[in-house]
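All remarks here apply to the structure that follows.
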Protein chains: 2
Amino acid sequence: MNIGEIARRAGVSRSTVSYALSGKRSISPATRARIQAVIDELGYQPSATARALSSGETRTLGLVFPPAGSHYTDMQLDFIGSLVEAAAGFGYDVLLAAAVGDGQQGLRRLVAERRVDGAVLMEIRLDDARVDYLAEAGFPFVTIGRTGEPERTRWVDLDYTALVRSCVTHLVQLGHRRIAFVNRSERLFHAGYESAHRSLTGFERACAEYGVVGTAHLCGDDPASGEDAIGRILAADPGTTALVTVNEAALGGLYRGLAARGRAIPGDFSVTGIAAGRWATAVTPQLTAADVPAIEMGRVAVELLLELLATPDVPPRHVLLTPPVSLRASAGPAPASDD
Amino acid sequence: MNIGEIARRAGVSRSTVSYALSGKRSISPATRARIQAVIDELGYQPSATARALSSGETRTLGLVFPPAGSHYTDMQLDFIGSLVEAAAGFGYDVLLAAAVGDGQQGLRRLVAERRVDGAVLMEIRLDDARVDYLAEAGFPFVTIGRTGEPERTRWVDLDYTALVRSCVTHLVQLGHRRIAFVNRSERLFHAGYESAHRSLTGFERACAEYGVVGTAHLCGDDPASGEDAIGRILAADPGTTALVTVNEAALGGLYRGLAARGRAIPGDFSVTGIAAGRWATAVTPQLTAADVPAIEMGRVAVELLLELLATPDVPPRHVLLTPPVSLRASAGPAPASDD
DNA sequence: TTGAAAGCGATACCAA
DNA sequence: TTGGTATCGCTTTCAA
């Protein structure tokens, strides 16, 4: 069933049906009613493909999805969900592109074959080839996270530097003087993941400013690596009494490692960090952490992108979020020193 | 840039370019080379939209995505990732439909506007309106999970009944005689989620068969509810020494609740269940559980769906998976009885 | 207020 | 081996 069928049955031309549907020109109440009756009777819905070809708009947004087998964080999942919902609210669908390899291939498909009107990139690196590709192609896009040249693009991001700093501040106020930082994996760090780099910056600056001993450690995105990281932290400095982490996937291992070495949380050792609320409340004791507002980020990403599609020439807008640190049960006063 | 532009530059007709691209008719090496040279020079890629309109195939698969704010399980995330990758391997993209409300609306968009060639449904209920809708519309689809009438459709599923039974068997062999079952949320159960129902069936049957005391509890999909469930379990029967759970999101709370009530795992209390491997290894002690093979399920779902698109008339094929229970550290011999 | 017809960018049939 | 052209189902301009 197509628009011609509706036109015939309603005794009008196809263009009239089209205009009745879009409302882009006025239709007499009588014909409008007649058309609507036929549409309702047949349950007609216009073909998205034909509409896209004709109008030049797919009304679809692309999302480059991290590969399976790599670790997904809860934050990512919430983010995708809210992206889909926000897009649906504006009548847009979301098309997922597999990021096999460096993610360029899937992106090329989306862009070159014109499957989507705009793209959302996540897992941003400070120096990101995908961003360069899209910018050069003049293709509309928004990033979750900033590259090293944030002014060039539109993005929504977490202020990792400030967030990690808040965690350090909290620990210092509790009397901790030897603090460890558990970062994302070596692979991600060396790939230039912006969150891993900006968090580290925040950690180092805060420690320097407060004059406390801070040691940073990379850590794989899984519990086993977290457990291992605790071993390395305590081997490097047995006097460490607290840690800050941005690695929510390793969290369970961090807790397990501390338990295995007889450090009670928060009595002997305090833990803080940045994590999805669900992870923060899943561990025992619950994690004092800045909760990643993934749902808000998804919504904002869609808004920024649709803004760009509607008015391409306004200068880039950015949204930097700094959610508060939720006080829970994993951080407490530093234990009496052995010094 | 379009196919006409390529044709003009190569000095051939548009149909020749089309055939050169698709290989559906033989082209002389000379013209083929000439066309390819122009394509390479201009970096031409055919428009997916135009191709879809003309060919009648979108080469896109639809996935009805659970709403944000609901609790995603890791299984869902891994599943989506593997679905996208498997689809990409066959040259298909994945379009996400928001499942606002009962999920019907997003699905209707996909189907009625013909945005996709086929659909994948997750979060299946025993009596699922979406399945009825697609079946009636004659739209190709595959489900992750079975409805109450499994023979009618194509699906890939976990054998929850058998899996929960395995967990009970393991506990009984360890000497446990009073076992609790922690199911998914009341909302999900009453909505008819098949995994919640089939797991319960497996639990009840196994307990009856072994002649052990089994009590089943519904539990919200979050740690706080898990903690609460432990309170209810021990209040209902303080002699309970073990539990089986299919609620991975509540797992952390289950552990916390047991710790709060002085029950050591596995010394005083054993825990087993069905969960994504990542959750099973994130808790301390690690969970003895059947690991959900989400990646395999995604791959199988795509294969089933593409099979259906290629040969619509072959009878439905089903894949029922029964992953083994991985022995980890959360289950041990029943403690000496107080009886 | 409405209709006719020219695209949009491919595919594939019919001829040559 | 190749070209011409109808077709897919819409949108939108131009006329009436």
Side-chain angles (χ1 to χ4, degrees), chain A residues 1-39 42-60 91 93 109-117 309, chain B residues 1-39 42-60 91 93 109-117 309:
Chain A
M1 172 192 12
N2 57 35
I3 202 172
E5 173 78 11
I6 304 298
R8 196 174 324 119
R9 299 211 188 201
V12 297
S13 72
R14 297 184 310 158
S15 55
T16 300
V17 177
S18 176
Y19 284 119
L21 246 23
S22 68
K24 288 185 181 173
R25 108 178 162 186
S26 53
I27 308 279
S28 77
T31 44
R32 146 150 304 165
R34 201 143 29 90
I35 291 170
Q36 193 57 51
V38 175
I39 287 177
L42 272 58
Y44 167 75
Q45 296 258 130
S47 150
T49 305
R51 178 172 275 180
L53 180 59
S54 176
S55 70
E57 289 185 357
T58 61
R59 295 195 73 83
T60 302
D93 282 324
R109 262 173 67 92
L110 289 194
V111 174
E113 297 185 3
R114 283 141 289 169
R115 287 178 185 266
V116 298
D117 295 337
L309 293 178
Chain B
M1 173 190 14
N2 57 33
I3 201 172
E5 174 79 11
I6 304 298
R8 197 175 323 117
R9 297 212 191 200
V12 297
S13 73
R14 297 185 310 160
S15 55
T16 300
V17 175
S18 177
Y19 285 118
L21 245 24
S22 67
K24 288 185 182 174
R25 106 178 164 186
S26 53
I27 308 278
S28 77
T31 45
R32 147 150 293 149
R34 197 142 33 88
I35 292 170
Q36 193 56 52
V38 175
I39 287 177
L42 272 60
Y44 166 76
Q45 297 257 131
S47 151
T49 306
R51 178 172 274 182
L53 180 59
S54 177
S55 70
E57 289 185 357
T58 61
R59 294 196 74 84
T60 302
D93 282 323
R109 263 173 64 93
L110 289 194
V111 174
E113 298 184 2
R114 284 140 287 170
R115 286 176 188 267
V116 299
D117 296 336
L309 293 178

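Chain identifiers are assigned alphabetically (A, B, ...) following the order of the sequence lines, protein sequences preceding nucleic acid strands; residue numbering begins at 1 within each chain.
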What integer distance in Å separates [X]:[atom1] from [N]:[atom2]?
{"X": "A:Glu5", "N": "D:dC10", "atom1": "CD", "atom2": "P", "value": "11 Å"}
{"X": "A:Ile35", "N": "C:dT1", "atom1": "CD1", "atom2": "C1'", "value": "11 Å"}
{"X": "A:Arg8", "N": "D:dG9", "atom1": "CZ", "atom2": "P", "value": "12 Å"}
{"X": "B:Leu53", "N": "D:dA6", "atom1": "CG", "atom2": "C1'", "value": "13 Å"}
{"X": "A:Arg114", "N": "C:dA10", "atom1": "CZ", "atom2": "C1'", "value": "10 Å"}
{"X": "A:Arg34", "N": "C:dT2", "atom1": "CZ", "atom2": "C1'", "value": "11 Å"}
{"X": "A:Asn2", "N": "D:dC8", "atom1": "CG", "atom2": "C1'", "value": "9 Å"}

Closest contact, heavy atoms only, [X] versus [Y]:
{"X": "A:Leu21", "Y": "A:Pro46", "answer": "CD2-CG, 4.3 Å"}
{"X": "B:Tyr44", "Y": "B:Ile6", "answer": "CB-CD1, 3.6 Å"}
{"X": "B:Ala112", "Y": "A:Gln45", "answer": "CB-CG, 3.4 Å"}
{"X": "A:Arg115", "Y": "B:Ala48", "answer": "CG-CB, 3.6 Å"}

Could you work out which one of C:dG3, D:dG9, C:dT1 sits closest to the side chain of A:Val12? C:dG3
Of the listed nucleotides D:dG9, C:dA10, D:dT1, the one nearest the side chain of B:Ser47: C:dA10
Working to the nearest 0.5 Å, report the span between CZ of B:Arg25 and OH of B:Tyr19. 5.0 Å
Does [N] have OP1 or OP2 under 4.0 Å away from a side-chain N or O of [X]?
{"X": "B:Tyr44", "N": "C:dG9", "result": "no"}
{"X": "A:Thr31", "N": "C:dT1", "result": "no"}
{"X": "B:Ser13", "N": "D:dG3", "result": "yes"}

Polar side chain donor-acceptor pair, A:Asp117 to A:Thr58, under 3.5 angstrom: yes
Atom pairs under 3.5 Å, N or O on each side, protein against nucleotides 11-13 of chain D: can you list them with distances?
| unit_1 | atom_1 | unit_2 | atom_2 | d |
| --- | --- | --- | --- | --- |
| D:dT11 | OP1 | A:Arg51 | NE | 2.9 |
| D:dT11 | OP1 | A:Arg51 | NH2 | 3.2 |
| D:dT11 | OP2 | A:Ser18 | OG | 2.6 |
| D:dT11 | O4' | A:Ser54 | OG | 2.3 |
| D:dT12 | OP2 | A:Lys24 | NZ | 3.0 |
| D:dT13 | O4 | A:Tyr19 | OH | 3.3 |

Determine yes or no for a side-chain-to-main-chain donor-acceptor pair under 3.5 angstrom, with B:Ser22 supplying the side chain and B:Ser18 the backbone. yes
